[in-house]
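Notes follow the structure.
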Amino acid sequence: MSLTATAKAGPRPSRGGPGPDDGRAAALRRTWRKASPYAYIAPFFTLFLAFGLFPLLYTAFVSLYRVELQTSGEMEWRGIANYTALFTDEYFWTSLRNTFTIGVLSTVPQLAMALGLAHLLNYKLRGRTFIRTAILLPYATSVAAATLVFAQLFGRDFGLINYVIGLVGFDPVDWQTGTVASQIAVSSIVIWRWTGYNALIYLAGMQSIPHELYEAAEMDGASRWRQFLHVTLPGLRPTIVFTVIISTIGATQLFGEPLLFEGSISGGISHQYQTLGLYMYEQGWGFFHLGRAAAIAWVMFVLIVVLVGVNALLVRRRAAKEAGR
């Protein structure tokens with residue numbers, strides 16, 4: 001080839017390695033691969049730090065001071081005095097006892113009824129989709145609306161519940177004054193709102209159990225009741241533990257239902273259905289003791305952690321015992 005043809009063809013492309021621009025682009029891609037997971041979860045942790053962790057730590061800080069709502073900028077160091085005053089207050093122990101009894105009265109029937117509903121819905125029934133939607137309606141209903149309706153139903157003079165009781169020959173019950181009666185009334189609101197929600201959770205757990213286990217049990221001559229005891233319940237154990245823990249947390253934080261049942265932050269005339277949530281609200285926004293209210297919040301937090309830990313420990317021991325058989 002002549003020199004003229006070579007000159008017209010122009011310079012030949014380089015056969016060396018990639019240029020500096022290619023190296024920088026590859027380095028940027030590697031850096032993005034490493035950093036992208038953190039970038040994706042950064043919004044969640046930013047919101048958690050701002051609205052979760054910081055308020056929690058600041059509440060612990062405030063609980064060590066005397067802070068009044070009217071003069072919230074003035075803080076007087078008290079150490080653990082807020083906690084000691086709390087543990088010597090009879091109304092704290094009353095609210096703690098009420099929280100426990102209302103929690104038991106609402107959680108045990110609620111989960112039992114939810115398990116029964118889920119077991120029925122697990123069979124082929126007509127209108128299953130409609131029934132599943134219908135049992136979720138109480139959960140979608142506003143707490144305020146549901147509580148106000150139940151307050152009318154449990155009215156002493158003109159309530160529907162007392163009217164039905166009177167038809168069978170019993171005297172009317174003062175649902176808002178009696179200790180046991182008021183706690184049953186408040187618990188019934190919780191049961192009505194959350195039974196359908198837990199039923200759908202149980203139904204999802206039942207549908208994840210392999211159908212072959214039921215076929216094998218049926219071939220062995222097991223009735224439906226024995227299939228429920230020996231196939232359904234063991235397969236639902238993780239789901240049951242989950243609902244128990246969630247219901248325990250919800251019962252400890254119960255606030256809207258007892259507040260709106262009579263409209264009193266004291267939980268009745270003699271604090272007969274005042275929960276820890278109501279007691280905290282009364283101290284903070286009724287008596288303006290923000291430091292003591294912060295101490296109550298931290299006591300509730302520790303109580304929830306202890307209850308969840310006890311549940312987890314019982315589950316582990318049960319699992320270890322069954323594995324050793």
Side-chain angles (χ1 to χ4, degrees), residues 56 58-72 74-108 143 147 150-151 154 156 173-190 247-311:
L56 181 67
Y58 187 71
T59 301
F61 172 76
V62 172
S63 69
L64 302 176
Y65 288 83
R66 178 176 181 175
V67 186
E68 302 297 323
L69 184 62
Q70 306 94 323
T71 57
S72 57
E74 301 177 6
M75 304 177 68
E76 177 186 344
W77 171 259
R78 296 198 66 190
I80 62 172
N82 283 329
Y83 294 93
T84 56
L86 189 66
F87 294 139
T88 56
D89 186 358
E90 62 174 324
Y91 292 123
F92 167 75
W93 296 106
T94 300
S95 63
L96 181 62
R97 183 175 62 252
N98 293 340
T99 301
F100 175 77
T101 54
I102 293 176
V104 172
L105 288 173
S106 60
T107 300
V108 175
V143 178
T147 305
F150 270 82
F154 284 102
R156 184 187 62 181
V173 178
D174 193 348
W175 295 100
Q176 294 181 340
T177 303
T179 300
V180 178
S182 60
Q183 292 182 3
I184 291 175
V186 172
S187 300
S188 67
I189 308 172
V190 182
S247 299
T248 302
I249 294 174
T252 307
Q253 298 176 334
L254 195 62
F255 176 75
E257 290 85 349
L259 173 65
L260 297 172
F261 181 63
E262 193 182 4
S264 171
I265 61 175
S266 61
I269 298 175
S270 57
H271 299 253
Q272 66 267 19
Y273 59 90
Q274 185 182 49
T275 59
L276 284 174
L278 267 185
Y279 180 67
M280 178 182 65
Y281 185 84
E282 182 185 43
Q283 291 295 320
W285 303 102
F287 301 147
F288 310 132
H289 303 322
L290 296 184
R292 186 173 293 188
I296 299 169
W298 257 87
V299 169
M300 291 174 63
F301 173 74
V302 173
L303 180 63
I304 289 173
V305 171
V306 170
L307 291 175
V308 172
V310 169
N311 282 328

Subject >> Any donor-acceptor N/O pair, Gln272 side chain to Thr177 backbone, under 3.5 Å >> reply: yes

Original post:
Once you round to the nearest 0.5 Å, how far does CG of Leu290 lie from OG1 of Thr71?
Top reply: 9.0 Å

Subject >> Contact check, side chains of Val143 and Glu257, non-hydrogen atoms, under 4.5 Å >> reply: yes

**OP:** Compare every heavy atom of Tyr273 with every heavy atom of Val186, then report the nearest pair and how far apart it is.
**Re:** CG2-CD1, 4.1 Å

Subject >> Nearest non-hydrogen partners of Leu254 and Thr275, listed with the distance >> reply: O-OG1, 2.8 Å

Original post:
Nearest heavy-atom pair of Leu276 and Ser95: which atoms, and what distance?
Top reply: CD2-OG, 3.5 Å

Subject >> Arg66 atom CZ, over 12 foreign heavy atoms within 6.0 Å >> reply: no

**OP:** Would you check, one step at a time, whether the test ring pair (Phe, Tyr, Trp, His ring centres under 6.0 Å) holds for Phe87 with Phe92?
**Re:** CA-CA 7 Å; Phe87 294 139; Phe92 167 75; 5.7 Å; yes

Original post:
Does a side-chain heavy-atom distance below 4.5 Å link Leu259 with Ile265?
Top reply: yes

Subject >> Atom CD1 of Ile269: over 12 foreign heavy atoms under 6.0 Å >> reply: no

Original post:
Can you find a pair of side-chain heavy atoms, one from Glu282 and one from Ser266, that are under 4.5 Å apart?
Top reply: yes

Original post:
Would you say Tyr65 has more than 12 foreign heavy atoms packed within less than 6.0 Å of its OH?
Top reply: yes

Original post:
Are Asp89 and Tyr279 close enough that a side-chain donor and a side-chain acceptor fall under 3.5 Å?
Top reply: yes

Original post:
Taking C-beta and beyond as the side chain, do Glu68 and His289 meet within less than 4.5 Å on heavy atoms?
Top reply: yes

